[in-house]
Amino acid sequence: MTNGTTSSGAPRIAVVGAGVSGLAAAHRLRTRLGPGATITVLEQRDRTGGVLHTVDLAGVPYDVGAEAYLARRPEMAVLLAELSLSGEQVHPTAAKASLRADGHSSALPAATLLGVPTSAARLDGLLSAAGLAAVAAEPGLPLGWERGGDVALGGLLRERFGDELADRLADPLLGGVYSGRVDALGLRATIPALAAALDDGAPSLTAAADAATPAPPPALRDAAPAPVFGALSGGYRVLLDALVAAADAHLRLGTTVRELRPHDTGWRLTLGPTTAPEVLDVDAVVLAIPAPAAARLLSEAAPSAAQAAAEIELASSVVVALAYLGEDAAGLPPTSGALIATGEPLSAKAFTHSTNKWSHLSPDGLVRLRASLGRFGEAATLQVDDAELVRRVRADLAALTGITAEPVAVHVQRWGGGLPQYGVGHLDRVRAIEHGLPAGLAVAGSALHGVGVPACIGTGRAAAERLVEHLTAHPAPA
């Protein structure tokens, strides 16, 4: 069976993947190409959103994938305005995060760049005397830096500041972003501003962190800082549903794309089971799927891009969300959450005290929180049943806060291969993927230019623009 043809000459585009990147691409394609275009969104799962997922936790919409986005990036604000959803934006309370290291909890240190200390950082109470001395001595160490080069961030931090800073600060911070280990993450992709400062001649890592975090101009020093993070009051489902409606695409859930080949002047996708294959002929394709899946589909159409995509590894993780009666969670500290340092005898890598962090998440007086477990290379430790994961999280919560009561609601969300790992040389891989694509193909998603929601939206919109340019130059025959 063949679908996807039109007799009017209007363009036909397939978007593979209905996560936020793919839906943002479909929406942009509709905006740019108008109502005549045929846009088909193909999704293997039975729902949209990818690693964005809103559930009802004790009757309140609650995100169990990404729970916040960087508000200072423009992509989300622009998209929300286009969808008339700007009023859904909410920002965190003034609650601050804590850090669990060396058996005790303390405030998360300020004046660091994702764990890399600036000259203003105060790390007393987090590092030992020897660790503090290592940080203080770093500006005086000779720095051998190859301009334009890339190194493992963890190795660089250990060489310059010692193991304590890497294990107690940088690893938990970056583990929360990438579900990875600081020793396996590449500097240039994870903290590009730091790499740029080193390229510009910063004499030390401390000096590079200072240069990458400049002081605000005098006119703004007394102004209230702009919110760093944002969320949606109804959860990400509000955004996903609005994108589906505005894109006006043919959405096909539960549909596997098994093959992608050139066909005539466009592309042919083979869908469904091998016993009952279906083909879809289109003029252009967006691949908004994890890198390993993209590598498989690109193996014939774009072998160099496929090879680069295949080198991007994925990490698995789990989110366990819990709701408690207020009186049962009286021991919860008034913080926004806790990051867990490497080596702590706990299963979770972080807790988010959602009720403290987001004022809209406790309309009924219940206390809601979530724990994150799992990093790159730890998939085997997550291969236990949900009851065991909840038991581990509750044991951690008791150790950290003294809360031992039964929760009134629980949700366990597994993310198999949920986050790409930005290793050494990641930007070179991304360039190879993007430059290795033939006309009429584009890629989007978290494997490219950032794992956050705004970055994913940006890749989806950029992929759409690439295809619009191609389709405008090579219109479909009438």
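These numbers were taken from a predicted model, which means no experiment stands behind them.
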### Message
side-chain hydrogen bond (donor to acceptor under 3.5 Å, both in side chains) for Thr190 and Tyr178? Distances and angles first, verdict last.
### Response
CA-CA 9 Å; Thr190 53; Tyr178 296 97; 5.4 Å; no

### Message
Treating Asp396 as the side-chain partner and Ala348 as the backbone partner, does any N or O pair qualify as donor plus acceptor under 3.5 Å?
### Response
yes

### Task
Go through the steps for Arg461 and Glu465 under the test salt bridge (charged side-chain N to carboxylate O under 4.0 Å, His left out), then give the verdict.
CA-CA 6 Å; Arg461 291 166 74 92; Glu465 295 294 344; over 6 Å; no

Within the structure provided, determine whether [X] and [Y] are in side-chain contact (heavy-atom separation under 4.5 Å).
{"X": "Glu43", "Y": "Thr48", "value": "no"}
{"X": "Arg168", "Y": "Leu123", "value": "no"}
{"X": "Leu253", "Y": "Arg45", "value": "no"}
{"X": "Leu108", "Y": "Leu169", "value": "yes"}
{"X": "Thr54", "Y": "Val238", "value": "no"}
{"X": "Thr342", "Y": "Arg181", "value": "yes"}

### Query
Quick check: are there more than 12 heavy atoms from other residues, nucleotides or ligands sitting under 6.0 Å from CD of Glu146?
no

### Message
Between Thr118 and Thr112, is the side-chain contact (heavy atoms from CB on, under 4.5 Å) condition met? List the steps.
### Response
CA-CA 5 Å; Thr118 68; Thr112 79; 5.8 Å; no

### Task
Assess whether salt bridge (charged side-chain N to carboxylate O under 4.0 Å, His left out) is satisfied between Asp183 and Arg158, documenting all intermediate values.
CA-CA 9 Å; Asp183 295 288; Arg158 294 182 194 282; 2.7 Å; yes

### Query
Can Ser105 and Arg100 be said to form a side-chain hydrogen bond (donor to acceptor under 3.5 Å, both in side chains), step by step?
CA-CA 4 Å; Ser105 300; Arg100 180 76 168 194; 3.2 Å; yes

### Query
Can Arg375 and Asp171 be counted as an ion pair, charged N to O under 4.0 angstrom?
yes

#### Entry: Verdict with reasoning, Leu198 to Leu187, per side-chain contact (heavy atoms from CB on, under 4.5 Å)
CA-CA 11 Å; Leu198 292 170; Leu187 167 64; 4.0 Å; yes

### side-chain contact (heavy atoms from CB on, under 4.5 Å) assessment of Ser179 paired with Glu378
CA-CA 10 Å; Ser179 285; Glu378 296 180 352; over 6 Å; no

### Query
Relative to the ring of Trp415, is the ring of His53 parallel (under 30°), tilted (30 to 60°) or perpendicular (over 60°)?
perpendicular

### Query
Taking the inter-plane angle between the rings of His353 and Phe351 on a 0 to 90° scale, is it parallel (under 30°), tilted (30 to 60°) or perpendicular (over 60°)?
tilted

#### Entry: Derivation of the salt bridge (charged side-chain N to carboxylate O under 4.0 Å, His left out) call for Glu67 and Lys357
CA-CA 11 Å; Glu67 57 102 28; Lys357 185 175 181 180; 2.6 Å; yes

